[in-house]
Amino acid sequence: MCSNFTSSSIIFLLTGVPGLEAFHTWISIPFCFLYATALSGNSLILFVIVTQPSLHEPMYYFLSLLSTTDLGLSISTLVTMLGIFWFNAREISFNACLSQMFFIKLFTVMESSVLLAMAFDRFVAISHPLRYATILTYYRIVQIGVAVVIRGTLMLTPMVALLKRLSFCNSHVLHYSYCFHPDVMKLSCTDTRINSAVGLTAMISTVGVDSVLILLSYVLIIRTVLSIASPEERRKAISTCISHIGAVAIFYIPLISLSFVHRFGKGAPPYVHTMIANTYLLIPPVMNPIIYSVKTKQIRKAVIKIIHSKET
């Protein structure tokens with residue numbers, strides 16, 4: 001028999017790593033390292049861009065948006081994940097769960113949107129270099145940043161709000177250490193087809209559309225690069241895109257991998273699903289600062305300059 005609960009009275013139970021509860025303290029060590037790397041790395045990138053006038057250019061403004069988004073994504077899961085590993089604090093209220101879910105989805109969609117904006121930036125820089133400064137003005141970049149936030153909010157609010165209409169049955173145990181939209185829907189004992197349709201539509205119209213437009217941008221970039229006569233100029237043009245290509249890869253590959261595990265990995269041990277789900281949200285925030293620091297000469301030089309100034 002199914003007992004219904006009103007949303008205001010529901011307390012969900014988050015899950016750490018199934019079957020490895022005795023090792024949660026040890027498992028927390030690499031996650032603490034990942035969180036520390038993500039928070040410090042993205043904060044450093046933001047600090048460098050804000051304090052170095054030489055980096056006050058469109059490409060680096062977009063990078064600062066990416067770092068801000070990565071900070072938000074890291075903070076969204078930090079409290080619940082480390083709370084479970086350190087204190088076995090599994091309980092989360094329905095409204096807190098919805099809030100966490102909204103911000104995780106929002107920062108994911110924002111990251112996708114920022115990557116699209118960065119692809120457009122590279123397209124303009126390579127295909128229309130003489131018009132670059134007039135197309136991507138400071139005012140236009142602010143407009144793009146505001147549009148990224150508004151787009152994510154408008155697309156995701158209905159998806160999260162619709163969960164309030166659901167009734168939930170006896171089991172309130174979630175499968176991850178944060179609130180995941182499909183995971184919450186599975187616990188409902190009412191029809192969730194509308195929720196599934198709205199959620200799928202939101203993700204296809206944001207992350208899905210962005211991925212197609214990013215691919216199209218690079219098709220146009222490659223076409224422009226191939227028309228450049230000088231091999232040296234072609235190499236230089238492509239080298240400006242390497243960091244962005246890396247950021248796109250580390251965003252979409254874990255996302256696709258998690259989808260495949262959900263679809264085809266039903267026979268895998270539960271801890272495999274949990275570990276992949278826990279790490280996929282951390283990979284972009286951890287790796288983006290490293291990629292841009294290593295592959296972008298201007299960022300690398302600015303970071304070294306700041307480190308040396310602190311030492312002296």
Side-chain angles (χ1 to χ4, degrees), residues 4-15 68-70 72-77 79-81 92-117 145-169 171-214 251-252 254-263 273 276-278 280-282 284-285:
N4 292 350
F5 294 84
T6 59
S7 59
S8 59
S9 65
I10 294 173
I11 299 293
F12 288 123
L13 293 177
L14 299 169
T15 300
T68 302
T69 303
D70 282 336
L73 194 57
S74 301
I75 293 168
S76 296
T77 59
V79 174
T80 54
M81 196 176 295
I92 184 169
S93 69
F94 182 78
N95 288 330
C97 186
L98 290 193
S99 298
Q100 183 185 47
M101 185 192 308
F102 174 77
F103 283 110
I104 290 172
K105 289 288 188 182
L106 176 63
F107 288 119
T108 300
V109 168
M110 284 177 60
E111 179 132 354
S112 174
S113 302
V114 172
L115 290 173
L116 173 59
V146 172
V148 164
V149 177
I150 292 175
R151 178 202 190 200
T153 303
L154 291 179
M155 293 303 300
L156 296 172
T157 299
M159 182 187 79
V160 175
L162 280 171
L163 290 172
K164 280 188 167 286
R165 74 180 186 88
L166 301 180
S167 297
F168 293 88
C169 298
S171 177
H172 292 164
V173 179
L174 299 170
H175 293 92
Y176 304 108
S177 53
Y178 55 86
C179 290
F180 188 48
H181 185 253
D183 202 19
V184 174
M185 283 197 303
K186 286 178 184 176
L187 299 183
S188 174
C189 46
T190 48
D191 190 353
T192 59
R193 283 178 293 183
I194 293 175
N195 299 74
S196 297
V198 170
L200 184 62
T201 301
M203 296 314 291
I204 289 175
S205 58
T206 52
V207 177
V209 170
D210 291 348
S211 63
V212 173
L213 294 177
I214 290 170
F251 176 76
Y252 282 101
L255 199 61
I256 294 168
S257 300
L258 183 64
S259 298
F260 269 92
V261 168
H262 273 294
R263 294 276 182 186
H273 294 260
I276 291 175
N278 285 348
Y280 107 93
L281 290 176
L282 274 173

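As a basis for the values below, the full set of heavy atoms in this structure was taken, side chains included, without hydrogen atoms, waters or symmetry mates.
Here the closest non-hydrogen pair linking His181 and Gly199 is CE1-CA, 4.3 Å. In this structure, Met185 and Leu163 approach most closely via the heavy-atom pair CG-CD2, 3.8 Å. When all heavy atoms of Val109 and Asp210 are compared, the closest pair comes out as O-OD2, 4.4 Å. Between Leu282 and Ser74 the shortest heavy-atom distance is CD2-OG, 4.5 Å. Of all heavy-atom pairs between Phe168 and Val184, the closest is CE2-O, 3.4 Å. Ala202 and Leu156 get closest at one heavy-atom pair: CB-CD2, 4.3 Å.
No side-chain heavy atom of His172 sits under 4.5 Å from any side-chain heavy atom of Ile11. Taking the side chain as every heavy atom from C-beta outward, Asp183 and Tyr176 approach each other to under 4.5 Å. Using a 4.5 Å cut-off on side-chain heavy atoms (C-beta onward), Thr153 and Phe102 make contact. Met155 places none of its side-chain heavy atoms less than 4.5 Å from the side chain of Lys105. A 4.5 Å side-chain heavy-atom check between Ser112 and Tyr252 finds at least one atom pair inside the cut-off.
Shown here are the side-chain hydrogen bond (donor to acceptor under 3.5 Å, both in side chains) partners of Ser113, two or more places apart in sequence or in another chain: Arg151.
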In sequence, state the C-alpha distance, the side-chain angles, and the governing distance for Phe12 and Val173, and then conclude on side chain to side chain contact (heavy atoms under 4.5 Å, CB included).
-> CA-CA 6 Å; Phe12 288 123; Val173 179; over 6 Å; no
Test side chain to side chain contact (heavy atoms under 4.5 Å, CB included) on Tyr178 and Leu281 and set out the steps.
-> CA-CA 11 Å; Tyr178 55 86; Leu281 290 176; 3.6 Å; yes
Take Ile104 and Phe180 through the side chain to side chain contact (heavy atoms under 4.5 Å, CB included) test and state the conclusion after the steps.
-> CA-CA 9 Å; Ile104 290 172; Phe180 188 48; over 6 Å; no
Do Leu14 and Cys179 pass the side chain to side chain contact (heavy atoms under 4.5 Å, CB included) test, and can you show the C-alpha distance, the side-chain angles, and the key distance before you say yes or no?
-> CA-CA 8 Å; Leu14 299 169; Cys179 290; 4.3 Å; yes
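Put simply, the residue from Thr68, Ile75, Thr69, Asp70 that forms a side chain to side chain contact (heavy atoms under 4.5 Å, CB included) with Phe107 is Thr69. Remark: of the listed residues Thr192, Ile194, Thr190, Ile194 is the sole one forming a side chain to side chain contact (heavy atoms under 4.5 Å, CB included) with Arg165.
The CG atom of Leu73 sits 5.0 Å away from the OG1 atom of Thr108 when rounded to the nearest 0.5 Å. Going from atom SG of Cys189 over to atom CG of Leu166 covers 9.0 Å, rounded to the nearest 0.5 Å. Rounding to the nearest 0.5 Å places CD1 of Ile10 at 8.0 Å from OG of Ser167. Residue Asn278 holds its CG atom at 8.0 Å from OG1 of Thr77, rounded to the nearest 0.5 Å. Atom CG of residue Leu106 and atom CE of residue Met101 lie 13.5 Å apart, to the nearest 0.5 angstrom. Considering CD1 of Ile214 and CG of Leu116, their distance stands at 5.5 Å, rounded to 0.5 Å.
Checked by atom type and distance alone, the side chain of Ser211 pairs as donor or acceptor with a backbone atom of Gly208 at under 3.5 Å.
Sorted pairs that involve residues 199-209 and meet salt bridge (Lys or Arg N to Asp or Glu O under 4.0 Å), not counting sequence neighbours, are lacking altogether.
In summary, the side chains of Ser76 and Gln100 do not present any donor paired with an acceptor at a separation below 3.5 Å, with no hydrogens or angles considered.
No more than 12 heavy atoms of other residues, nucleotides or ligands shown are found within 6.0 angstrom of CZ on Phe103.
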